[in-house]
Chemist: 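Let me give you the structure first, and then I'll get to my questions.
Residue numbering restarts at 1 for every chain, and letters A, B, ... go by the order of the sequence lines. Below, all heavy atoms of this structure are taken into account, side chains as well, without hydrogens, waters or symmetry copies.
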There are 2 protein chains.
Amino acid sequence: MYERKIPELLDCGLAVALKVIGGKWKAWILDCINRGVARPSAIHREMQEVAPRIINMHLKELEEYGILYKEVYAESPARVEYRFTEVGKSLLPVLATLETWGNTHKEFIHRNIEIYQPGTCRFLPQ
Amino acid sequence: MYERKIPELLDCGLAVALKVIGGKWKAWILDCINRGVARPSAIHREMQEVAPRIINMHLKELEEYGILYKEVYAESPARVEYRFTEVGKSLLPVLATLETWGNTHKEFIHRNIEIYQPGTCRFLPQ
DNA sequence: GCCCACAGGGAAAAATTTTTCCCTGCCACC
DNA sequence: GGTGGCAGGGAAAAATTTTTCCCTGTGGGC
């Protein structure tokens, strides 16, 4: 386990929210589970681009925060499904808000990045 | 300048939104500007914990995305103020949503992190 | 026995972000 | 001339996150 050297500032609600959803692949994982893709192997199949190890780490982190919980069926070999806790469910509309904002403005942002010249004032149409 | 080796996936609105707000101190910076703390030196004074260099980098990044723009007064020495663009303003309610969610659930999340035992099913009251 | 799918994690490397240190230049004040 | 506030950035170090590689164990099918 990695041990932080600089303590985190987590008083602020925004900082907490960003810690929870901020991992590189967490949003995609949450979207999978929201669509019913709940088993680790199924998530791995959907997210070919991402190594299973990483997905497992994110799942564990989300479980640790209480966003997801693990349903472990007493079969052999054990079958596992991840589900949202109530707090996890409350996160979904927040993610939808972010997604909507991003989709609305992504062309604007991409265009700005392309044409950016430090110091130049640019007023692109939104 | 750092040059990425792995290309970013920025089709998804959520990914774009997280790229824009995801830096370590960006939310705080945006909050400063929202409260009228607009000059670099004023932001530096408010954010004692953070090295000026970092704040400058975040400011530049937000300017590059078109979230902020720079008003440079033709004085000498030049006076600079950062302001929100229209797109930047549209981000504020989104940040407020995140902040509210985080404040509502941060105790829950902190408690979960403390008591977390892998594999243990826990159903804390929200 | 061998190979497959399944769930999972340790250790180290690589990539990325954050931080520190120190530099530029402008002007004002004493 | 020295000191201070202002705006800003290069280079390297440190911290953190992501990734790769390889390992554990279970059971099923052939």
Chemist: Out of C:dT16, C:dG8, D:dG8, which has the shortest distance to the side chain of B:Arg4?
Modeler: C:dT16
Chemist: Distance check needed: D:dT18 P versus B:Ile6 CD1, whole Å only.
Modeler: 11 Å
Chemist: Determine the minimum heavy-atom distance between A:Tyr69 and A:Phe84, stating which atoms define it.
Modeler: CE2-O, 3.5 Å
Chemist: Please give, in whole Å, the distance from C:dT19 P to B:Ile54 CD1?
Modeler: 4 Å
Chemist: Taking the minimum atom-to-atom distance to the side chain of B:Arg45, which one of D:dT16, C:dG8, D:dC6 wins?
Modeler: D:dC6
Chemist: Measure CE/A:Met57 against P/D:dT18 and give the value in whole Å, please.
Modeler: 8 Å
Chemist: Rounded to whole Å, how long is the line connecting atom CG of B:Leu59 with atom P of D:dG9?
Modeler: 11 Å
Chemist: Over how many whole Å does the gap from A:Lys70 atom NZ to C:dG8 atom C1' extend?
Modeler: 8 Å
Chemist: What's the NZ-P distance between B:Lys5 and D:dT20, to the nearest Å?
Modeler: 14 Å
Chemist: Check the distance between D:dG8's C1' and B:Ile43's CD1 and give it to me in whole angstrom.
Modeler: 14 Å
Chemist: Using a 4.0 Å heavy-atom cut-off across all strands, classify B:His44 as base, sugar-phosphate, or nothing.
Modeler: nothing
Chemist: Is there a path of hydrophobic side-chain contacts, each under 4.5 Å between heavy atoms of I/L/V/M/F/W/Y residues, joining A:Ile67 to A:Met47?
Modeler: yes
Chemist: Using atom CD of A:Glu81 as one end and atom P of C:dC6 as the other, report the distance to the nearest whole Å.
Modeler: 13 Å
Chemist: Quick one: on DNA chain C, does B:Arg53 or A:Lys24 contact a more 5' nucleotide (nearest heavy atom)?
Modeler: A:Lys24
Chemist: Any side-chain N or O of A:Trp25 less than 4.0 Å from the OP1 or OP2 oxygen of D:dT19?
Modeler: yes
Chemist: Measure the CD1-CG distance between A:Ile21 and B:Leu18 for me, rounded to the nearest 0.5 Å.
Modeler: 5.0 Å
Chemist: Assuming nearest nucleotide by heavy-atom distance, tell me which of A:Glu8 and B:Arg39 is located more 5' along DNA chain D.
Modeler: B:Arg39
Chemist: Determine, step by step, whether A:Glu71 and A:Tyr82 satisfy the side-chain hydrogen bond (donor to acceptor under 3.5 Å, both in side chains) criterion, reporting the C-alpha distance in whole Å, the side-chain angles of both residues, the deciding distance to 0.1 Å, and the verdict.
Modeler: CA-CA 6 Å; A:Glu71 194 78 67; A:Tyr82 283 94; over 6 Å; no
Chemist: Tell me the closest heavy-atom pair linking A:Gly22 and A:Lys26, and the distance in Å.
Modeler: N-NZ, 4.0 Å
